[in-house]
Amino acid sequence: MQGLMLLTLLMFSIGVTVVFPQQVKGASPTIAQSANAQLLLQQGIQSYQAQQLADAVKVWLQAAAIFAQQGDNLKLALVWSNLSSVYQDLGQWSAAEVAIAKSLNFLQNPPASSDLQTYREIQAKALNTQGSLQLAQGKLAQALATWKQTSATYAQAGDKLGMIGSFLNQAKALQALGLSRQAETTLQQINHLLQLESDPQLQATGLLRLGNALRRISKLTQSRQVLTASLQVAEQSSTKASVLLELGNTERALSNQAFTFGKQEQAIQHAQQASQFYQQASELGLQIQPQLNLLSLWVETGQSVAAAKLWTQIQQSITNLPPSRTAIYARLNLAQSLTCLRPDIDKETTFCIKRPQQQLPTQNQVAQTPTWRDIAQILAVAVQQAESLQDRRAKSYALGQLGGLYELTKQWSEAQHLTEQALLIAQEIQAGEIEYRWEWQLGRLLKKQGDNKRAIASYIAAVDTLKSVRRDLFTINPDVQLSFRDQVEPVYRELVDLLLSNQENGQANQENLRKAIAYTDSLQLAELENYLGCNLGQIVSLNQNPNQASRQAAFIYPIILKDRLEVIFQLPGQPIGNYSSLIPQTVVEKTLEQLKTALLGRNAGKIRENSQQIYRWLLEPLEPHLQKSKEVQTLVFVLDGNLRNIPMSVLYDSKANEYLIEKKYALAVLPNAQLFDLRPRSQQLKVLGAGINTALEVENRYFAAINATEELQQIQQITSSKILMNAQFTKANLQENFNSGGFSAVHLATHGNFSSDPEQTFILAYGELLRANDLENLLTSSQKRTSSPIELFVLSACQTAAGDNRATLGLAGLAVRSGARSTLATLWQVSDDSTVKLMQQFYKELSQPGMSKAMALHRAGQVLMKERKYQNPYYWAGYVLVGNWL
């Protein structure tokens, strides 16, 4: 809340002179009335600052009545704008709309020049409030337009900090619209403006807000740089403690990111740095929030003894806080940390972040564990305070969290009652980011009580709510930002689990199977949107049915659940089917990791040992169905979790003594059925090839030479193509040639890297690294001019980041962002000679009439593996086709 409160006075007190009661004794009634109205206006500001929102509404309404009697339209506009803001905080959207409409109505006629400055300041504030309301209502384009008008008005008023705030709001709207590049450009413009600013307090505050905004769009390195600059400027100001707090939040985000990317040492270092910033902020007097953040960080990283000492201090400090929204959320935050501190809870049913513990080596003491009574009392006070302040949003959080506590103690009836109360409030105030939590919690409770039908309905409601709000879940207040893997992904998985468990005569019904496929697809889309940090809704083809794209394809949806591996399949002209292997998730993931290690180590024995196990789980039960369906030529996999790290071609059928690549089926991977154009290829390939055959050092990375020349020459002999080598292969040159040449395919023979960190997913050009944004700008800009999609995008020397189990998200994300119908890439960097041979054969096969891309790759792989030199799966299994297989 600190970032919000920095500008509270600016937002609410424009043009107001504070007049105290003793100053107006003996004054005329008109003067006294005016002074009282101004006093009420100021009292409302003070109540808002104390987050006593109902009190703020009460006194502002009184002020509005007096200003109306006086005919003071400017003050009326200010008061009604303030009221709209507080109604938004309370979730009273109709009242907020009425209030802002009144405010803008009072501003229709500009006053005389003497009051023009005040008029512009109030107008800018009202427009800013209107933009916030539009964003909350999902009117994203309108919010963006309003905030652009706000910036212009602040500029006319000479209010630099207001301009910066409105630019930040524009960036938030752009991000919500999925225009992340434009959002980042806007933020960089703000940074440039701040560098030219001479007022230290303004510069420090502006940089603080910019740093927060960058963190919210996952630009964590830039966020740290900007906040560090803010700290240098704020060294002698009251802003310093707030900057330290936000630096701690950014370091913590960097720690979580490093953990996600498998970089444990970096995760620990960032966590330690975050701890230091929180402690420094607390020492400067900003106690409660830094201490709460420090406590949750210590709980998350397993420093239970230190956390136990801290929580008793925090509890005493919170007890002394007067009732306010700050006090309520502090209690909720503390209760959450104390819940996660208990060793006996099921973390699968809480919002605890699940990551390996990082116990300090000096911790030999036993931590003091909070009792359930301790936590329940904290939450009960939060509920009482929310009721007394008439803060319905806070009440929903408090009731829902208390319901979650009863869930953990297995008091199902009480938990359900509290959860339903919390859900009703969230629905009434249209707070989707809260609503989905209680719908999910209610679904879990109903499932535990054996009411699967209602549980499924509640889970479906949670997923539907998530669809409408998930774009905002990563740009809202960092106090409530979510971990996708811990707090979004499980909703989808648990729903699919329920759908497949709800069986009749030992089989899931067709409707549930269709829903399971749909929600699995939705999970894939949500994960890609989270990875890319943008809204993919603009390119989703909702009416596309992949089963109608080819009558010769079988669709296979493996889903890794906690206690089993489920497989849903759909064959041409047949009902949807499913089967399961009762193998714990931990065993499945361990086997997949062992297979990946064996592939990279070229250990043929271990490859067969592990891949035949996965074949038994994943494909062996499907064999009888495939044998009956003679028309199937292609197996299209919609892979889940760590299965995406393994090429399906390497799965080994021990009964037939053959790898899957040796069977008759072509193979393809489909990250999401709605994100790719699945129509058949309608044009001959014309290839723009580019490669680098010399060693380079770019951005402090060394790249060894590869045999790109021969690979591209072979392609040139088979297809119509143009080749750019070495210094010719630049972003600008690639785009110029692509825009003018009518090419339908791009083949890049160069180093590349796929990672779950978008910044670490790149393709090497000459002297520069091309990232997803660059490739999107490069390839989709041409498509917009020609209306012709790229048929094929080939990346022949790429690899997935070591130690990163979600690295193939980088491949899927790049495939989506490129706009290509199909992407052919390598999961590891294969030897030059084998790549030359495989690509040569691939293009030869593809040049045959009616040949699909999947079958061309399949036959090329078969040819390669027949050569004695390349029989090890390392040489032929690393090539995967993503997207359109036709």
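Positions are given from 1 along the sequence. Just so it is clear, the model here is predicted, and its values are computed rather than measured. Because only heavy atoms are used, hydrogens play no part in the values below, and waters and symmetry mates are left out as well, while side chains stay in.
- In plain terms, the two heavy atoms of A77 and I122 that are nearest each other are CB-CG2, 4.0 Å.
- The two residues I164 and G206 make their nearest non-hydrogen contact at CG2-CA, 4.4 Å.
- Residues satisfying the side-chain contact (heavy atoms from CB on, under 4.5 Å) test with A274, not counting sequence neighbours, are E251, R252, Y278, L297.
- Contact of the L135 side chain with the W147 side chain is registered, since non-hydrogen atoms from C-beta on lie closer than 4.5 Å.
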Take L53 and V57 through the test side-chain contact (heavy atoms from CB on, under 4.5 Å) and record every step on the way to the result.
-> CA-CA 6 Å; L53 305 185; V57 170; 5.7 Å; no

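- The backbone N or O of T419 lies less than 3.5 Å from no partner atom in the side chain of Q441, so there is not a single donor-acceptor pair.
- Between the side chain of R325 and the main chain of D89, a donor-acceptor pair closer than 3.5 Å is present.
- Evaluation of the salt bridge (charged side-chain N to carboxylate O under 4.0 Å, His left out) rule for E414 yields no partner, not counting sequence neighbours.
- Sorted by first and then second residue, the salt bridge (charged side-chain N to carboxylate O under 4.0 Å, His left out) pairs with a member in residues 42-61 form an empty list; sequence neighbours excluded.
- No donor-acceptor pair under 3.5 Å is formed between the side chain of S223 and the backbone N or O of K219.
- The line from OG1 of T326 to CD of Q49 is 11.0 Å long, rounded to the nearest 0.5 Å.
- A 4.5 Å side-chain heavy-atom check between E439 and Q427 finds at least one atom pair inside the cut-off.
- Taking both residues in full, the closest heavy atoms of L295 and S337 are given as CD2-CB, 3.7 Å, listed atom of the first, atom of the second, then distance.
- Across A335 and L379, no two heavy atoms sit closer than the pair CB-CD2, 3.6 Å.
- Here T185 contributes atom OG1 and Q189 contributes atom CD; the two are 7.0 Å apart, rounded to the nearest 0.5 Å.
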Given the rule in the side-chain contact (heavy atoms from CB on, under 4.5 Å) test, do L174 and T186 qualify, once you have shown the distances and angles that lead to the verdict?
-> CA-CA 9 Å; L174 288 165; T186 300; 3.6 Å; yes

Might you work through the side-chain hydrogen bond (donor to acceptor under 3.5 Å, both in side chains) test for T250 and R215, ending with a clear yes or no?
-> CA-CA 6 Å; T250 294; R215 182 173 67 250; 2.9 Å; yes

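- Among residues two or more places apart in sequence or in another chain, the side-chain contact (heavy atoms from CB on, under 4.5 Å) test is passed with S396 by A422, I425, A426, I434, W438.
- Residue L227 holds its CG atom at 4.5 Å from CG of L247, rounded to the nearest 0.5 Å.
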Let me see the working for Q336 and N333 under side-chain hydrogen bond (donor to acceptor under 3.5 Å, both in side chains), right down to the final yes or no.
-> CA-CA 5 Å; Q336 178 66 22; N333 193 329; over 6 Å; no

Given the rule in the side-chain hydrogen bond (donor to acceptor under 3.5 Å, both in side chains) test, do S132 and Q88 qualify, once you have shown the distances and angles that lead to the verdict?
-> CA-CA 8 Å; S132 297; Q88 290 177 48; 4.7 Å; no

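- Taking 4.5 Å as the limit, some side-chain heavy atom of L41 sits within range of a side-chain heavy atom of W60.
- Among residues two or more places apart in sequence or in another chain, the salt bridge (charged side-chain N to carboxylate O under 4.0 Å, His left out) test is passed with E387 by K395.
- In this structure, L405 and Q401 have side chains that are not in contact, with every pair of non-hydrogen atoms separated by 4.5 Å or more.
- Once rounded to the nearest 0.5 Å, the distance linking CD1 of I100 with CG of L133 reads 7.5 Å.
- Scored by the salt bridge (charged side-chain N to carboxylate O under 4.0 Å, His left out) test, R120 finds no partners at all (sequence neighbours excluded).
- Remark: side-chain polar atoms of W93 are paired, donor with acceptor, to backbone N or O of I429 under 3.5 angstrom.
- Within a 6.0 Å radius of CD in E420, more than 12 heavy atoms belonging to other residues, nucleotides or ligands are found.
- The side-chain hydrogen bond (donor to acceptor under 3.5 Å, both in side chains) test applied to D374 returns T371, not counting sequence neighbours.
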Would you please test Q38 and K75 for side-chain contact (heavy atoms from CB on, under 4.5 Å) and show each step?
-> CA-CA 9 Å; Q38 291 176 342; K75 295 289 175 57; 3.4 Å; yes

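- By the side-chain contact (heavy atoms from CB on, under 4.5 Å) test, A64 is found to be paired with L76, V79, W80, residues two or more places apart in sequence or in another chain being considered.
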In sequence, state the C-alpha distance, the side-chain angles, and the governing distance for V243 and E246, and then conclude on side-chain contact (heavy atoms from CB on, under 4.5 Å).
-> CA-CA 5 Å; V243 178; E246 298 305 336; 5.9 Å; no

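- S103 meets the side-chain hydrogen bond (donor to acceptor under 3.5 Å, both in side chains) test with no other residue; sequence neighbours excluded.
- The shortest distance between side-chain heavy atoms of V488 and Y436 falls below 4.5 Å.
- Panel note: side chain Q170, backbone L144; no donor-acceptor pair is recorded below 3.5 Å.
- With a 4.5 Å cut-off on side-chain heavy atoms, L423 and L399 do not count as touching.
- The shortest heavy-atom contact between A96 and S84 is O-OG, 2.9 Å.
- Distance check, rounded to the nearest 0.5 Å: CG of N73 to CG of N105 gives 8.5 Å.
- Remark: Q315 pairs with W311, L334, I378 by the side-chain contact (heavy atoms from CB on, under 4.5 Å) rule, at least two apart or across chains.
- The shortest distance between side-chain heavy atoms of L294 and S282 does not fall below 4.5 Å.
- Contact check for L90 versus R393: no side-chain heavy atoms found under the 4.5 Å cut-off.
- Annotation: the span from N128 atom CG to T150 atom OG1 amounts to 5.5 Å, rounded to 0.5 Å.
- With sequence neighbours excluded, the residues satisfying side-chain hydrogen bond (donor to acceptor under 3.5 Å, both in side chains) with N191 are Q195.
- In this structure, S81 and K125 approach most closely via the heavy-atom pair OG-NZ, 2.7 Å.
- Y119 places a side-chain N or O within 3.5 Å of a backbone atom of L107 that can act as its donor or acceptor partner.
- A search for side-chain hydrogen bond (donor to acceptor under 3.5 Å, both in side chains) contacts involving K148 returns nothing, not counting sequence neighbours.
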